[in-house]
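Let me begin by presenting the structure, written as structure tokens, before commenting on it.
Only heavy atoms go into these numbers, but all of them, side chains included; no hydrogens, no water, no symmetry mates. Numbers here simply count residues along the sequence, with the first being 1.
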Amino acid sequence: MLPDRPGASSFTSSEPYGDGHAAAGHIAAAHLSSLVQIPTVSSWDPEDLDHESFARHRAALATFYPRVHALQSEPVGEHGLLFRWPGRGRQDVLHPFPVVLMAHQDVAPVQETDWPTNPFSGEIRDGVVHGRGTLDDKGGLVAVLDAVETLLGDGFVPERDVWLFFGADQEVGGQSAERAVRRLYELGVRPWLVVDQGSGVVTDLVPGSDRQVALVGVAEKGRVGIDLVTTDVGGHGATPAGRRRPGAWAAPSRG
């Protein structure tokens, strides 16, 4: 059991899953609340990274999801986690075209003056978990892990291998994901489907729709550098040249 912070909801890992969606939802919310209380903040400077918080976060995941952590696993970088959930084939033979489910453990830094309350409170209020990381991306992390933990408890076996990858430096464009890709290639697997963090469910954002809309992203996050160069004739900002051929000079008109 993790220590609580003011306003946070407590959760005991031995609490059984219920048969209904509501019970499972309450447990998932309690998981998320507890994880949000651990400030796994990314940093561009490795010396500023709070390694103790990431260690606590990993320990919490192991407590909440013992069946997942009983799977074949290995670390990726300092704090990334990679799990293999074997499919219906042989346990000792990797499926060459698995499904990969991803989420990230780290969160972006906070400016506490922008938050009306503690950004890491994990408070559950009005049916909503509050705090940094609830949407980006510990909500997705909990959704994947709670689903897999439940299915493992039911004895479900997927048709093909499922890999779970949870990076720890996404917010600063770190190398966790690149290392996970290299590791899968080393093992000879080429993912058939990769599902990563998406967008949210929004209201009043899509023209012509007055309903909630789930935004599905289908592009890979990446970086691009653009050099923009423009040329123009000389002159002075107070007397713009207007349209004329390059190299020509026109005296300002006198009215």
TODO: Please name all residues satisfying side-chain contact (heavy atoms from CB on, under 4.5 Å) with R84, sequence neighbours left out, ordered by chain then number.
DONE: Q72, P86, L94, D161, W163
Task: Connected hydrophobic set around L49, excluding itself, where side chains approach under 4.5 Å - done: F54
Open item on the list: Side-chain heavy atoms nearer than 4.5 Å, only ILVMFWY residues, links allowed to pass through others: does that put L184 and V162 together?
Closed with: no
Task: Joint hydrophobic cluster, W192 plus L187, side-chain heavy atoms closer than 4.5 Å - done: no
Task: side chain to side chain contact (heavy atoms under 4.5 Å, CB included) between F165 and V194, intermediate numbers included - done: CA-CA 10 Å; F165 170 64; V194 177; over 6 Å; no
Open item on the list: Quick one, L205 and V213 - any side-chain contact, counting heavy atoms below 4.5 Å?
Closed with: no
Open item on the list: Rounded at 0.5 Å granularity, tell me how far CD in Q37 sits from CG in N118.
Closed with: 8.5 Å
Open item on the list: Give me the atom names and distance for the closest heavy-atom approach of A168 to G80.
Closed with: CB-N, 4.2 Å
TODO: For residues S33 and G122, report the shortest heavy-atom separation together with the two atoms involved.
DONE: OG-O, 2.5 Å
Task: Residues which pass side chain to side chain donor-acceptor pair (under 3.5 Å) with D92, listed by chain and number, not counting sequence neighbours - done: R90
N/O donor to acceptor pairs below 3.5 angstrom from side-chain atoms of residues 95-110, sequence neighbours left out:
residue, atom, partner, partner atom, Å
H95, ND1, F97, N, 2.9
H95, ND1, F97, O, 3.4
H104, ND1, D106, O, 2.9
H104, ND1, D106, OD1, 3.1
H104, NE2, D136, OD1, 3.0
H104, NE2, Q170, OE1, 3.2
H104, NE2, Q197, OE1, 3.0
Q105, OE1, H57, ND1, 3.2
Q105, NE2, H79, O, 3.0
Q105, NE2, F166, O, 3.0
D106, OD1, D169, N, 3.4
D106, OD1, Q170, N, 3.3
D106, OD2, S42, OG, 2.4
D106, OD2, Q170, N, 3.0
D106, OD2, E171, N, 2.8

Open item on the list: On a heavy-atom basis, which atom in W115 and which in G131 lie closest, and how many Å separate them?
Closed with: CH2-C, 3.8 Å
TODO: Verify the cluster assignment for V157 and L193: are they in a single hydrophobic cluster under the rule of side-chain heavy atoms below 4.5 Å apart?
DONE: no
Task: Minimum heavy-atom distance A29-I124, with the two atoms named - done: O-CD1, 4.0 Å
TODO: Give a yes or no on whether E112 atom CD has more than 12 heavy-atom contacts from other residues, nucleotides or ligands under 6.0 Å away.
DONE: no
TODO: Using salt bridge (Lys or Arg N to Asp or Glu O under 4.0 Å) as the criterion, list what pairs up with E47, not counting sequence neighbours.
DONE: none
Open item on the list: Can you confirm whether L81 sits close enough to L164 that some side-chain heavy atom of one is under 4.5 Å from a side-chain heavy atom of the other?
Closed with: no
Open item on the list: Quick check: closest heavy atoms across V36 and P119, and the distance to 0.1 Å?
Closed with: CG1-O, 4.4 Å
TODO: Check the surroundings of atom CZ in R88: do more than 12 heavy atoms from other residues, nucleotides or ligands lie under 6.0 Å from it?
DONE: yes
Open item on the list: I need the T117 OG1 to R125 CZ distance, nearest 0.5 Å.
Closed with: 6.0 Å
Open item on the list: Between F156 and W85, is there a side-chain heavy-atom distance shorter than 4.5 Å?
Closed with: yes
Open item on the list: Within this structure, what is the OG1-CZ distance for the pair T40 and R58, rounded to the nearest 0.5 Å?
Closed with: 11.0 Å
Task: L135 atom CG, neighbour heavy-atom count above 12 within 6.0 Å - done: no
Task: Heavy-atom closest contact (R179 atom, V76 atom, distance) - done: CB-CG1, 3.7 Å
Task: Nearest-0.5 Å distance, NZ of residue K138 to CG of residue L35 - done: 6.0 Å
Open item on the list: Within this structure, what is the CG-CG distance for the pair L145 and L32, rounded to the nearest 0.5 Å?
Closed with: 11.5 Å
- [ ] Would you check if L71 and Y65 make a side-chain contact, meaning some heavy-atom pair closer than 4.5 Å?
- [x] no
Open item on the list: Side-chain heavy atoms under 4.5 Å apart, restricted to Ile/Leu/Val/Met/Phe/Trp/Tyr: what other residues fall into the cluster of V181, or is it alone?
Closed with: Y185
Open item on the list: If you apply the rule side chain to side chain contact (heavy atoms under 4.5 Å, CB included), what do you find for L82 with R183, and how did you get there?
Closed with: CA-CA 10 Å; L82 182 65; R183 180 57 178 151; 4.1 Å; yes
Open item on the list: Rounded at 0.5 Å granularity, tell me how far NE2 in H31 sits from CG in L141.
Closed with: 11.0 Å
